[in-house]
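Working notes, structure below.
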Amino acid sequence: MKVLFVASECAPFVKTGGLADVVGAVPRTLATLGDDVRILLPLYPALAERVSRPRTVMRFDDLLGGPARIRAVRDEELRLYLLDAPHLFDRPGNIYLDADGRDWHDNHLRFGALNVAAARMAAEGANRWRPQVVHAHDWQAGLAPLLIRMRHTGATPATVLTIHNMAFQGLFPWQTRYLFDIPDHLFTPDTTEYWGKFGFLKTGLVFADAITTVSPTYARELLTPEFGMGLEGVLASRGDAFSGIVNGIDTQTWNPATDPALQARYTSRSLDRRRTNRAALASRFALSDAPDAPLFSVISRLTTQKGMDLLLETIDDLVARGGQLAVLGSGDHGLEKAFVDASRRHAGSVGAVIGYDERLAHLMQGGSDALLVPSRFEPCGLTQLYALRYGTIPVVARTGGLADTVTDADPAAIRKRQANGIQFSPVHADTLRQAIERVFTLFADKSTWRGLMRNAMHAPVSWDRSAPRYHALYQTITARKS
Ligand code: ADP
């Protein structure tokens, strides 16, 4: 099966969050099932620096305001099609935000162009490679299913849209649709309109042959007003075309036995070696030497979605109880400042690194005792999966993919050797505080804690579990088209 992924990020080349990890990992496992997955991505400066000698396979005289081309390259065993459109992507800084932290003023053009390019690749193919399935990821690729249909060229590829986070919908002024020649009859509340605006994600939800999201629980939650963010009705109207497929992780990149970012590599049979990583972490976060206290970590966007404000409310108790906390993240400036303030207030017990640091994220997974993920909503979440793989016990809100991937350490689950984390709900500071208290209790019982760590490290987190579901979905939707 020939599948074209269309996405705005892909690890290890360009990453701001979990979307990149998924887009970079799942094609490798799909390849073992016989699928030829290629990825269409914008050519950002960071990518331009690293890829060598890309081949031009398609040219545009004028792609929404300037000349552009698609260039093909193979890197890290992935086949990439890079949309080289300097007027849209050749600029420094964050891929979504300008220097003031606001969305780039022309994001509708930037990601709109990505969709136009995808539709042309779907219609014409590039270098004799034409996809049978176009798999669009998030709002940045949400127009592709409609643009592909509008081209009406013989055998139209089947389309899938995956929602990685419903909070980001790509809403733009209604006139935006003229850029893509979308006729008036396709600007209605049943199609592309969202309360007077033109919605990229909504368009995808209406026109894709199949819609997925990244966990079964989030799929159910998205059908409710609390989580559906206004699109619950559209999703409900799609019936069986909408399903949840839980994310996996790249177990080679995230492997504590071989991870070059760790000071000491280990397996579930050499857990004591983690101490060396912990010492390195303590020094990086200026934490005092306290080997008997649980060390909690956070690797996250610092936002209210991630419950970071709730965590701030509990820090004093965590420290009073004798715990330590290492926070790596960036995002909301108020939250960033609050974590830095907490690290000053609790010098030696709380450390904060504001920024994005992939290697440090690996070291934190390999050296801390528990990972805190108190999200208000969480489509899937990947950090808790990395934590499981590294024997760091995830402490998670019972929502979305967190509910699907972590097994709470209740007495029955401990007895059955299935427990690998702690869940709490509803999500507020008091329940988080209680969950943290449970960590202290469990941590004090060394053999139970070790058991949790081993269960965690043996939990099924690889793509072997879920990639076959995408494979089957591609088969089903292409069979329906032919
Ligand atoms: P989301 O995509 O909502 O941000 P996920 O848990 O699905 O959350 O994925 C986050 C990914 O980004 C993980 O790979 C995590 O390790 C990484 N990450 C988040 N913040 C940082 C950071 N400050 N430094 C390094 N990696 C980070």
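Counting starts at 1 for both ligands and their atoms, in listed order. Scope of the values below: all heavy atoms of this structure, side chains included, with no hydrogens, waters or symmetry mates.
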Nitrogen or oxygen atoms of T16 and ligand 1 under 3.5 Å apart: no
Between H164 and ligand 1, find which residue part has any heavy-atom pair under 4.0 Å and reply side chain, backbone, both or neither. neither
Compute whether any side-chain donor of one residue and acceptor of the other, for H458 and N420, lie under 3.5 angstrom apart. no
Geometry only, no angles: is G18 polar-contacting ligand 1 at N/O separations under 3.5 Å? yes
With distance as the sole criterion, is a donor-acceptor pair present between the side chains of T217 and R220 under 3.5 Å? yes
Answer yes if the side chains of N277 and R274 hold a donor-acceptor pair under 3.5 Å, and no otherwise. no
Please determine if L382 has a nitrogen or oxygen closer than 3.5 Å to a nitrogen or oxygen of ligand 1. yes
Please say whether the positively charged group of R273, taken as NZ for Lys or CZ for Arg, lies over the ring of Y266, i.e. under 6.0 angstrom from the six-membered ring centre and within 45 degrees of the axis. no
Taking ring pair (Phe, Tyr, Trp, His ring centres under 6.0 Å) as the criterion, tell me which of F168, Y194, F172, F111 meets it with F200. F172
Can an N or O of S330 be found at a distance shorter than 3.5 Å from an N or O of ligand 1? no
Cut-off 3.5 Å, side chains only: do Y356 and N94 have a donor facing an acceptor? no
Measure from the side-chain N and O atoms of Q423 to the backbone N and O of R398, and report whether any donor-acceptor pair falls under 3.5 Å. no
Applying side chain to side chain contact (heavy atoms under 4.5 Å, CB included), run through Q263 and L281 and close with a yes or a no. CA-CA 10 Å; Q263 291 279 316; L281 261 190; over 6 Å; no
What atoms of ligand 1 come within less than 4.0 Å of a heavy atom belonging to D21? 13 (C), 14 (O)
What residue and heavy atom of the protein are closest to atom 12 (O) of ligand 1, and at what distance? K15 CE, 3.6 Å
Nearest-neighbour protein heavy atom for atom 15 (C) of ligand 1, which is reported as residue plus atom name and distance: T383 CG2, 3.5 Å
Option set G329, G401, S300, criterion heavy-atom distance to atom 20 (N) of ligand 1, minimum: S300
Polar proximity ligand 1 side, W254 side, N/O cut 3.5 Å exclusive: no
Could you tell me whether Q305 and ligand 1 have an N or O pair separated by under 3.5 Å? no
Under 4.0 Å, heavy-atom basis, I'd like to know which part of Q384 is in contact with ligand 1: side chain, backbone, both or neither. neither
Would you say that F207 contacts T159 through its side chain, given a criterion of any heavy-atom pair below 4.5 Å between the two side chains? no
Could you tell me whether ligand 1 has any atom less than 4.0 Å away from a heavy atom of K306? yes
Indicate whether any N or O donor in one side chain lies under 3.5 Å from an N or O acceptor in the other, for Y390 and D259. yes
Which of the numbered atoms in ligand 1 are below 4.0 angstrom from a heavy atom of R301? 1 (P), 3 (O), 4 (O)
What atoms of ligand 1 come closer than 4.0 angstrom to any heavy atom of D357? 24 (N), 25 (C)
Non-hydrogen atom of G355 closer than 4.0 Å to ligand 1: yes
So, H471 and D35: side-chain donor and acceptor under 3.5 Å apart, yes or no? yes
Looking only at protein heavy atoms, what sits closest to atom 22 (C) of ligand 1 is Y356 CD1, 3.4 Å
